[in-house]
Protein chains: 2
Amino acid sequence: MKASALGPMESLSMTDRVENILREYLMDNGFKPGDSLPNETEIAQKLNVSRNVVREALSRLRMLGLIESRTRRGMIMAQPDLFAGIEKVMSPSILSHDNQKDLFELRLILEMGIAEFLFARKTDKDLAELEAIVNKQKGLKSLSREDEIEFHGKLYEMTGNDTFRRFQTLLFPVFDHVFKEYLDKGVHMDLPNPVSHADLFEVLKNGTAGQFRNAMYVHLTPYFTTTLKNGGLSPS
Amino acid sequence: MKASALGPMESLSMTDRVENILREYLMDNGFKPGDSLPNETEIAQKLNVSRNVVREALSRLRMLGLIESRTRRGMIMAQPDLFAGIEKVMSPSILSHDNQKDLFELRLILEMGIAEFLFARKTDKDLAELEAIVNKQKGLKSLSREDEIEFHGKLYEMTGNDTFRRFQTLLFPVFDHVFKEYLDKGVHMDLPNPVSHADLFEVLKNGTAGQFRNAMYVHLTPYFTTTLKNGGLSPS
DNA sequence: ATAATTATATTTGTAGGACAAATAAACAAC
DNA sequence: GTTGTTTATTTGTCCTACAAATATAATTAT
């Protein structure tokens with residue numbers, strides 16, 4: 001029985017198949033949060049598999065936040081958490097090195113892309129809070145990781161896009177880890193940043209989105225040169 | 001037998017707890033792809049739970065790509081697929097409306113942020129291929145969804161960041177759905193775009209990253225005004 | 001002794017049965 | 001009509017069993 005000669009044998013387990021079937025069933029039938037699902041034994045009988053298999057599949061959907069189940073009331077459709085799955089593998093000790101470098105860059109991409117939203121949605125209250133952060137950092141010679149997170153995190157918040165904010169927050173540990181790796185490899189970053197947080201704030205308050213994009217690029221230049229000169233996956 | 005001797009009963013199911021325990025175990029002990037795990041019965045005994053519970057937890061990790069298992073050889077650590085979880089819920093029929101709007105905007109953010117990487121990594125071959133796409137579209141009066149995907153998809157490819165490319169690809173169906181919704185609501189988008197794909201190509205070939213960012217903004221202006229004038233989650 | 005073959009043991013995948021806990025629904029009591 | 005009790009249902013957990021697959025050990029052939 002040389003089944004392995006046939007290539008990438010489509011050997012999905014029963015659980016895999018039931019998981020797919022259930023997801024398609026929920027989507028194709030327009031299930032909305034709150035709608036109740038058939039019970040486990042019913043599903044098992046309908047699909048001709050054991051309740052164990054059904055439960056393993058349901059367990060996955062439960063992890064994704066797609067369904068919830070309460071004793072007696074049965075299972076109901078839920079509002080899935082977009083990042084429930086990704087946050088469980090978003091760790092430097094788990095991800096491949098390529099993935100990590102890509103995510104390092106992804107943070108830069110995101111940071112460069114938020115200008116329009118900041119200018120469209122900034123409020124006086126936001127600006128005041130951001131100014132407070134900037135003033136607190138004014139005396140310091142060098143900024144800690146927490147300082148960076150506080151300033152840039154406030155920017156994420158000001159985009160008014162909570163999904164973006166959560167995604168950036170997820171990205172940060174990986175970004176930080178990759179950057180430390182660069183530092184360990186001898187990349188030096190001791191030059192004073194020509195565009196400080198205070199400068200960025202000033203542009204955000206009185207400038208334009210275009211000016212902000214350019215200022216942000218200069219502010220991030222050390223990171224850009226780091227990734228573009230070093231690890232950049234050389235394209236074909 | 002009170003199995004609750006394992007810790008605080010945070011109303012998490014056994015499966016939830018075992019899942020967390022296993023993930024932490026794998027991370028804290030520096031498991032790398034290929035390393036083999038203890039077998040199911042061993043885990044069950046060690047944690048004082050049934051093999052069923054262990055299997056439901058493992059089933060989740062298997063879905064995330066964190067582990068693989070082959071009969072007899074036992075389970076081994078694997079390289080998790082960063083997007084395995086998220087792609088299963090990335091669907092307009094499942095996500096909340098807020099999530100969808102956020103993702104619509106996220107695509108714009110990403111699109112605005114790639115300029116530096118494009119200019120750092122563009123090759124003559126890439127430019128030639130992009131030019132071919134542009135020329136193919138030159139005769140058309142209006143661009144189809146496929147045309148848009150082809151042009152912008154090529155840009156994603158040219159960033160040299162495969163994770164970014166995959167993420168953008170995942171985003172597209174949601175983006176498309178949200179935009180259609182805007183159109184149905186009467187938002188009009190019939191003006192000819194002042195910056196076409198051909199213009200973007202020209203800037204990418206002969207201009208600078210800064211110019212490209214500005215050109216891209218104008219190119220995307222219809223989408224920006226759509227989201228910023230309509231659904232924007234009004235901040236506090 | 002070495003190679004080839006066979007047998008054994010181990011581990012995952014699947015099935016099915018049992019029962020506890022929780023609770024919605026039906027029913028009974030006042 | 002309200003309150004308390006019983007009942008039925010459904011998930012959560014445990015258990016046992018066995019098939020399939022295969023690495024390892026044992027056996028046989030050369």
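Naming: A, B, ... by sequence-line order, numbering from 1 per chain. Nothing here was measured: the structure is a model prediction, and the numbers come from that model.
- For C/dT14, the OP1/OP2 oxygens have a side-chain nitrogen or oxygen of A/T15 closer than 4.0 Å.
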Nucleotide N/O of nucleotides 17-26 of chain D paired with protein N/O under 3.5 Å:
residue, atom, partner, partner atom, Å
D/dA23, O4', B/R72, NE, 3.3

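- For the side-chain contact (heavy atoms from CB on, under 4.5 Å) test, residues two or more places apart in sequence or in another chain that qualify with A/E150 are A/I133, A/K136, A/Q137.
- Partners of B/R165 according to the salt bridge (Lys or Arg N to Asp or Glu O under 4.0 Å) rule, which considers only residues two or more places apart in sequence or in another chain, are B/D162.
- Atom CD in B/E68 sits about 11 Å away from atom P in C/dG13, given to the nearest Å.
- In this structure, the side-chain contact (heavy atoms from CB on, under 4.5 Å) partners of B/L64, at least two apart in sequence or on a different chain, are A/M63, A/K88, A/V89.
- Within the structure, every pair that satisfies the ring pair (Phe, Tyr, Trp, His ring centres under 6.0 Å) test and touches residues 15-68 of chain B, not counting sequence neighbours, is listed here: B/Y25-B/F31.
- Applying the ring pair (Phe, Tyr, Trp, His ring centres under 6.0 Å) test to every pair with at least one member in residues 36-78 of chain A, sequence neighbours left out, gives no pairs at all.
- Regarding contacts with the backbone of D/dG12, a side-chain N or O of A/R55 is found under 4.0 angstrom from either OP1 or OP2.
- Scanning for ring pair (Phe, Tyr, Trp, His ring centres under 6.0 Å) contacts around A/F224 gives A/Y217, B/F117, with sequence neighbours left out.
- No donor-acceptor contact under 3.5 Å links the side chain of B/N52 to the base of D/dG12.
- Residues that satisfy the side chain to side chain donor-acceptor pair (under 3.5 Å) test with B/S50, not counting sequence neighbours, are absent from this structure.
- B/S69 and B/R62 share a donor-acceptor pair across their side chains, judged by distance under 3.5 Å alone.
- The side chain of A/R62 approaches D/dG12 more closely than any other nucleotide in the set D/dG12, D/dC15, C/dT12.
- With salt bridges taken as basic N to acidic carboxylate O contacts below 4.0 Å, one links A/R23 and A/E19.
- Contacts between residues 30-44 of chain B and DNA chain D, counted as heavy-atom distances below 4.0 Å, involve no residue at all.
- Each of C/dA15, C/dT12, D/dT11 was ranked by its minimum atom distance to the side chain of A/M75; first place goes to D/dT11.
- Under the side-chain contact (heavy atoms from CB on, under 4.5 Å) criterion, B/Q100 pairs with B/P92, B/L95, B/V174, B/H177, B/V178, not counting sequence neighbours.
- Of all the residues in residues 16-25 of chain A, not one reaches under 4.0 Å from DNA chain C with any non-hydrogen atom.
- Sorted by first then second residue, the ring pair (Phe, Tyr, Trp, His ring centres under 6.0 Å) pairs that include residues 32-88 of chain B, not counting sequence neighbours, are B/F83-B/F167.
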